[in-house]
Structure formats: C-alpha cells, structure tokens
Amino acid sequence: YISLMMEVKRWWKRNKTRKNLIIYTYGIELEKILAAIWIKKRLDGAKIYTIIPDIPKFVNIKDSKIYILLKNISEKLSRKKLPSIDYFILYSKHMADYYGLPSNRWILMEGSISIDDILYLNECKKNKNENFIIMYSGTISAIRGVPKLLEAFSSYKKKNIELWLTGSGDYKEKILEKTLSDKRIKYFGYLDNRKDVLKLEKQADLLMHIRISEAAYAPYCFPSKIFEYLATGNIVATVKIKGIPDDYYKYMLTIEELTENGIHEVIEKAMSMDDDERDRFVSLAKEFVITKKNSYVQAKRILEFAKIDL
C-alpha cells in the first residue's frame, strides 16, 4: 500500500490541475480503493469506475485462520468504502447482489479475449491427431474439480484417447503419479509462455472447463479460460455455473454433473459428432467470441458506460 500511494502522489503532482477525470481500478482490494478515493478527493469532478473480476474473499483460499481473518477484515473495510465508488464493471451479475449495488451503477462485462490471442490462434496450425485429445488447462487443484476429471478419465477405457493437462496447483503430484499408471495421461506442467498454452489448446479435440458448481465462489466469477477455449475452434465442454451468462451455453457442450457418468457422456457426445456437425458447432462458437467478446468491443462498452466519446 505504501509503495502504491507513493506512486499515486507522484502522479497527482503532475496531474493535479486536471478536471472531470475518470479513475479506473482493476479489482476491489482495499489498497486500490483507498488510492482511488485519495485521488478523487483532490481532483474536481473525478469519478471512480471499478472493474471487479472476482471477489477477493474467494481468491487464493488458504487454511490459515489468520489469513482468513485478515481477508474478512479487509472485505469489511472495502465494503464501507463502496459508496465512494461511482460505478462498477462486473464480471458476474451476481456480484451486484453480493455487494448490494443498485442497477443504475453497474454493467456486466465478463472480460475479453485479446486481439493478440485471436491472431495467434488463427496462425497456429492444427495437426491431425491419431488419438482424440481431451485437454484441461488451468489451476491443478481439488477445489477446481481436477480429481473428478482424472478419475472419470481413468475409468474411461477406450485406448484411442488422451488427456492433456497444463497448469500448477496442489494436485499436481497426484497427476504425476497417474501418468505412470496410465500412459494416456500427459502432464505438461506449468507453462510460462502463454503462446505455448494456446498452441497446445489448438491441438486438442475437446477442451474441458471444470469447476465445483456448488462452491461458494462459483456465482461470482467468470472463467476467462472459456474465451481462449472458444477461440481455438475446438469443441468446448463446461460445467454449468451461475457466473457464466446463459448466452454462452449454446456454444459449448454441458457437463450435466461433474461425475464419472457426466464426464463420460460429454466425451461420448464430442466424439460422436461427424465432421459437418462439429465444424458448424465450433465455427459459431469461434465467431461469437472473436466478434462479440474481443478486447476492443468490451473496452468500447466500458467507455460507452462512462459516456466517453469514441
């Protein structure tokens, strides 16, 4: 907080005569809110627009009682400062209920896919796979449902399929053990280079988005991984969670239950699509995300919300 405020004060000295400034904050963490309020009090006509991608209370959850206590204290202090924030851009509409925001002070904007990612995925060539490739990319942890995916795949006895996983988390040692007993499972670890992740996703046949739909955090987040999944032009399967708007589901297969049978059913459905059916399905999904959810379109919506002339 101290280093942030030092930077904020240096910025203010250079800009203290400006008027009607719009201050954007990304995240609702207490230190960001306090910094924005400090600027707002010193500049005539300034307004604060806060983008909330997730709720801090549900991010980086740890077992430490002290850590949980500090998180709760920070959230209470942040809530007290909400009246000083003028408008909100929410990644999930359920955040409005969580924070008690009136409807005229927020819009839903669930994130975006960058133009760079779109261009790179379009450049990547998809190889013809001998096996049917299922891929999960993201946090490798029990809280994300990875054990359920692993167990379901292990019990699916077809030999012409593979499961690829990338990412890091508290369940990676279990995955490494599984790769020794089931050669169909391939774990690529955590990849520093984002392009390496996108390149692997492009090669998959079925991209899996899994979460525990009953988890406390589920209504309050939009999984940004879905953007890049849809932009690959491959089939995407997802569990149904409240944080994903309804209009997305027509472009993805739904995992009705995160169980062995539920995962088996969606794999069978993806594998049974003929070429024409698959091509139509993924083309519509790709067009949806790259034309309606790219970073330019979503940024334009924020600027229109702030009544900024384009």
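T50 and T25 are linked by a side-chain donor-acceptor pair at a separation below 3.5 angstrom, with hydrogens and angles left out of the test. At a cut-off of 3.5 Å, with distance as the only test, a side-chain donor of N122 or K286 sits close to an acceptor on the other residue. Checking Y156 against E268 by side-chain atom types alone, a donor-acceptor pair falls below 3.5 Å.
Side-chain N or O atoms of Q298 include one that pairs as donor or acceptor with a backbone N or O of G111 at under 3.5 Å. With H264 contributing its side chain and A152 its backbone, the two residues share a donor-acceptor pair below 3.5 Å. Using modelled atom types, one side-chain atom of D86 and one backbone atom of I48 make a donor-acceptor pair closer than 3.5 Å. Of the possible polar contacts, none joining the S74 side chain to the L70 backbone as a donor-acceptor pair under 3.5 Å is found. In this structure, S141 contributes its side chain and D170 its backbone to no donor-acceptor pair below 3.5 Å. For the pair N127 (side chain) and Q203 (backbone), a donor-acceptor distance under 3.5 Å is absent. Listed for the K148 side chain is no donor-acceptor partner under 3.5 Å among the backbone atoms of A142.
Counting heavy atoms from C-beta on, the side chains of T291 and E287 come closer than 4.5 Å. For the pair N72/K57, a side-chain contact is recorded, criterion being any heavy-atom separation below 4.5 Å from C-beta on. Using a 4.5 Å heavy-atom threshold, the side chains of I175 and V146 count as touching. Within the 4.5 Å cutoff, no side-chain heavy atoms of R184 are placed close to those of N131. Using a 4.5 Å cut-off on side-chain heavy atoms (C-beta onward), K178 and L163 make no contact. Counting only heavy atoms from C-beta outward, the side chains of E201 and N234 never approach each other to under 4.5 Å. No side-chain heavy atom of F153 sits less than 4.5 Å from a side-chain heavy atom of M208. Between D205 and I235, the closest side-chain pair of non-hydrogen atoms is not below 4.5 Å.
Annotation: Y99 is not in aromatic contact with F88 [ring centroid separation under 6.0 Å not met]. Y248 and F222 have their aromatic ring centers within a separation under 6.0 angstrom.
Remark: K32 NZ is packed, more than 12 non-hydrogen atoms of other residues, nucleotides or ligands lying under 6.0 Å away. Counting heavy atoms of neighbouring residues, nucleotides and ligands inside a 6.0 Å radius, atom CD of E130 does not exceed 12 of them. Heavy-atom neighbours of E257 CD from other residues, nucleotides or ligands within 6.0 Å: at or below the threshold of 12. Taking a 6.0 Å sphere around NZ of K40, one finds it holds more than 12 heavy atoms contributed by other residues, nucleotides or ligands. Heavy atoms from other residues, nucleotides or ligands lying under 6.0 Å from NZ of K292 number 12 at most. Around the NZ atom of K269, the shell of radius 6.0 Å holds no more than 12 heavy atoms that belong to other residues, nucleotides or ligands. Residue I2 places its CD1 atom among 12 or fewer non-hydrogen atoms of other residues, nucleotides or ligands, all under 6.0 Å distant.
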- prompt: Given S137 and K225, is the side-chain hydrogen bond (donor to acceptor under 3.5 Å, both in side chains) satisfied, shown in steps?
  reply: CA-CA 8 Å; S137 176; K225 181 62 68 175; 3.1 Å; yes

- request: Check the pair L82 / R105 against side chain to side chain contact (heavy atoms under 4.5 Å, CB included), numbers first and verdict last.
  value: CA-CA 11 Å; L82 291 185; R105 288 180 60 200; 5.6 Å; no

- request: Could you walk me through whether F132 and E162 pass side chain to side chain contact (heavy atoms under 4.5 Å, CB included), step by step?
  value: CA-CA 6 Å; F132 188 85; E162 296 177 16; over 6 Å; no

- request: Begin from the C-alpha positions of S155 and E260 and carry the test side-chain hydrogen bond (donor to acceptor under 3.5 Å, both in side chains) through to its verdict.
  value: CA-CA 8 Å; S155 65; E260 186 175 295; 3.2 Å; yes

field: CA sep, side-chain torsions, deciding dist, call: I161, M271, side chain to side chain contact (heavy atoms under 4.5 Å, CB included)
entry: CA-CA 10 Å; I161 65 169; M271 293 183 75; 3.6 Å; yes

D196 vs F188, side chain to side chain contact (heavy atoms under 4.5 Å, CB included): CA-CA, chis, key distance, verdict: CA-CA 10 Å; D196 290 338; F188 294 87; over 6 Å; no

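Nearest heavy-atom pair across P223 and I241 is CD-CD1, 4.2 Å. The heavy-atom pair separating S213 from K240 by the smallest distance is CB-O, 3.4 Å. Between K202 and T232, the shortest heavy-atom contact is NZ-O, 3.3 Å. The shortest heavy-atom contact between Y136 and I140 is CE2-CD1, 3.8 Å. Among all heavy-atom pairs drawn from I107 and R301, the shortest one is CD1-O, 4.2 Å. Of all non-hydrogen atoms in A237 and L206, the two that sit nearest each other are CB-CD1, 3.9 Å.
Remark: Y190 pairs with no residue by the side-chain hydrogen bond (donor to acceptor under 3.5 Å, both in side chains) rule, at least two apart or across chains. Checked against salt bridge (charged side-chain N to carboxylate O under 4.0 Å, His left out), R10 has the following partners two or more places apart in sequence or in another chain: E7.
Expressed to the nearest 0.5 Å, how far CD of E110 lies from CG of L90 amounts to 11.0 Å. In this structure, CG in L258 is found 5.0 Å from CD1 in I212, a value given to the nearest 0.5 Å. For the atom pair CZ (R278) and OG (S283), the distance works out to 10.0 Å, reported to the nearest 0.5 Å. Taking CZ of R42 as the reference point, atom CH2 of W38 lies at 4.5 Å (rounded to 0.5 Å). Rounding to the nearest 0.5 Å gives a distance of 9.5 Å between CG of L150 and OG1 of T179. The CD atom of E214 sits 10.5 Å away from the NZ atom of K242 when rounded to the nearest 0.5 Å.
In the hydrophobic clustering of this structure, Y120 does not group with I226; members are Ile, Leu, Val, Met, Phe, Trp, Tyr whose side-chain heavy atoms approach within less than 4.5 Å, directly or through other members. No path of Ile, Leu, Val, Met, Phe, Trp and Tyr side chains, each step under 4.5 Å between heavy atoms, connects L230 with L121, placing them in separate hydrophobic clusters. Put simply, Y249 and F227 are part of the same group of oily side chains (I, L, V, M, F, W, Y) that touch within less than 4.5 Å, one to the next. I118 is not connected to L198 by any chain of hydrophobic side-chain contacts under 4.5 Å among Ile, Leu, Val, Met, Phe, Trp and Tyr, and they are in different clusters. Hydrophobic clustering (side-chain heavy atoms under 4.5 Å, transitive across Ile, Leu, Val, Met, Phe, Trp, Tyr) groups W106 together with I55.
At least one test fails for K9 against the ring of W12: distance under 6.0 Å to the centre or angle within 45° of the axis. Cation-pi geometry between K47 and Y87 is not met: the NZ or CZ atom fails to fall both under 6.0 Å from the ring centre and inside 45° of the normal.
In this structure, D274 does not pair ionically with R280, as no charged nitrogen and carboxylate oxygen lie closer than 4.0 Å.
Among the candidates F281, Y229, F288, the single residue satisfying the side chain to side chain contact (heavy atoms under 4.5 Å, CB included) test with Y251 is F288.
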